[in-house]
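Let me begin by presenting the structure, written as structure tokens, before commenting on it.
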Amino acid sequence: MKVAVVGATGMVGQVILQILAERNFPLTELIPVASEKSVGKKIMYKEKSYTVVSLEDAVNRKPEIALFSAGGETSQEWAPKFAEVGTTVIDNSSAWRMDPTKKLVVPEINASEITEEDLIIANPNCSTIQLVMALQPLHKAYQIDRVIISTYQSITGTGVKAVRQLENEYAGKAGEMAYPYPIHKNAIPHCDVFLDNDYTKEEMKLTNETKKILSDDSIKVAATAVRIPVVGGHSESVNIEFKKAFEVVDIRKLLSETDGITLQDNPQVNTYPMPIYAEGKNDVFVGRIRRDFTRDNALNLWIVSDNLRKGAATNAIQIAEYLLEKRFKV
Ligand code: 2RA
């Protein structure tokens, strides 16, 4: 099994390599790929040194799987070139997510939608993945009418430049800015860029991707995405209105029985999800489960997950693992 990691030197690319090793992914050849400026660099994988190659070189090696985390432009141009040589591309960018011919996959929810024809598969946005992991079992049981979500997002979602900005601000040093304002001691209600409807791309990703993954355009989603100075993961405050009545005890049981979800919900002993706990773990952590007494059939949740793991690398690798069994018969 030849596996290319496109964007191998980036923040998510490095986590992909870490998780491939952790999960003992059965690759026989690793092809680390990066932009021209990084070609020739050495990266370590399972204590062995590999040389970073160009996209063109990687396509010519015809890997079975290519895990992309290299931005939308690179995916738009190169994912089809890999697909043309028979490679299955699992792409972390937003390039293909809302393309009606492409599948947008969270394995625990809709991996079964993948067919033999799917050679470019989209990995959802990190803040969407952790949201739909909690929503899907509840939607199936109680039919969601509306979701209001406010996110509190890790600076690692922006990348190395943002981490450096925070480190500089901690140290009182000037430096390159990833954001229009200081992030230290701040909360910036601006993730990605603003659109004509006064929402950001991040907020519209939450809205549009949630409907696609849950296969239900009737679900109403209103999102506010906020960047805060944390690094361990994204947090989300979620208010859900269902069409059917529920008991909170049943909601807790349903979530606790859902693969990939860990319940952390005992406020009486200060037990609830937090990024300092979720960091480095692959699960989605759910807590602060409580009825919203202001509306019929309404509920509040708090969801936290490591945005570089389940929000990106782990989800992509889980899709690859699904394909190992269903497509490559490994
Ligand atoms: C962010 N979800 O957190 C976006 C992309 N990783 O910036």
Side-chain angles (χ1 to χ4, degrees), residues 5-16 18-19 67-76 90-98 104-106 122-135 147 149-166 176-183 186-195 199-213 221 223-238 275 278-279 282 284 303-317 319:
V5 177
V6 179
T9 57
M11 192 170 260
V12 172
Q14 288 291 300
V15 178
I16 287 175
Q18 184 183 348
I19 295 173
L67 297 163
F68 266 63
S69 187
E73 277 180 36
T74 300
S75 292
Q76 284 282 10
I90 300 167
D91 177 40
N92 261 298
S93 83
S94 57
W96 305 98
R97 289 177 185 154
M98 297 315 293
L104 181 63
V105 176
V106 176
N123 208 43
N125 189 39
C126 40
S127 49
T128 305
I129 291 173
Q130 64 187 74
L131 175 66
V132 294
M133 279 289 290
L135 293 187
V147 180
I149 171 175
S150 297
T151 72
Y152 306 78
Q153 299 189 212
S154 165
I155 58 170
T156 57
T158 308
V160 175
K161 194 169 150 186
V163 175
R164 281 204 198 102
Q165 177 182 332
L166 182 58
E176 203 181 1
M177 298 285 278
Y179 304 116
Y181 300 100
I183 186 67
N186 201 7
I188 303 177
H190 176 181
C191 296
D192 208 326
V193 297
F194 279 102
L195 301 168
Y199 282 79
T200 60
K201 272 190 177 176
E202 186 77 5
E203 288 158 352
M204 294 316 297
K205 286 175 187 175
L206 279 159
T207 298
N208 297 327
E209 293 177 24
T210 295
K211 295 174 185 222
K212 181 168 179 179
I213 295 163
V221 181
T224 301
V226 181
R227 192 75 63 188
I228 59 170
V230 300
V231 292
H234 291 345
S235 303
E236 297 175 345
S237 172
V238 184
E279 184 173 15
N282 294 311
V284 170
I303 305 170
V304 179
S305 192
D306 184 328
N307 55 295
L308 297 179
R309 281 182 168 259
K310 183 56 183 173
T314 304
N315 196 74
I317 292 167
I319 295 171

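Counting convention: from 1, in listed order, for ligands and their atoms alike. For this chain, numbers begin at 1 and follow the sequence in order.
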At less than 3.5 Å, what protein N or O atoms come close to the N or O atoms of ligand 1? Include the distances to 0.1 Å.
unit_1: ligand 1; atom_1: 2 (N); unit_2: N125; atom_2: OD1; d: 2.9
unit_1: ligand 1; atom_1: 2 (N); unit_2: E202; atom_2: OE1; d: 3.2
unit_1: ligand 1; atom_1: 2 (N); unit_2: E202; atom_2: OE2; d: 2.8
unit_1: ligand 1; atom_1: 3 (O); unit_2: Q153; atom_2: NE2; d: 3.1
unit_1: ligand 1; atom_1: 3 (O); unit_2: R227; atom_2: NH1; d: 3.0
unit_1: ligand 1; atom_1: 3 (O); unit_2: H234; atom_2: NE2; d: 3.2
unit_1: ligand 1; atom_1: 6 (N); unit_2: G157; atom_2: O; d: 3.0
unit_1: ligand 1; atom_1: 7 (O); unit_2: G157; atom_2: O; d: 3.1
unit_1: ligand 1; atom_1: 7 (O); unit_2: R227; atom_2: NH1; d: 3.4
unit_1: ligand 1; atom_1: 7 (O); unit_2: R227; atom_2: NH2; d: 2.6

- Item | Exceeds 12 heavy-atom contacts within 6.0 angstrom, atom OH of Y181 | no
- Task: Taking ring-ring contact (aromatic ring centres under 6.0 Å, His included) as the test, write out the residues that go with Y152, two or more places apart.
- Result: W302
- Query: Near K201 NZ, under 6.0 Å, is it more than 12 heavy atoms from other residues, nucleotides or ligands?
  - Reply: no
- Item | Residue list, side chain to side chain contact (heavy atoms under 4.5 Å, CB included) with D306, at least two apart or on another chain | E279, L308, R309
- Not counting sequence neighbours, which residues clear salt bridge (Lys or Arg N to Asp or Glu O under 4.0 Å) with E209? List them please. R97
- Query: Hey, are the side chains of W96 and Q76 touching, using non-hydrogen atoms and a 4.5 Å cut-off?
  - Reply: yes
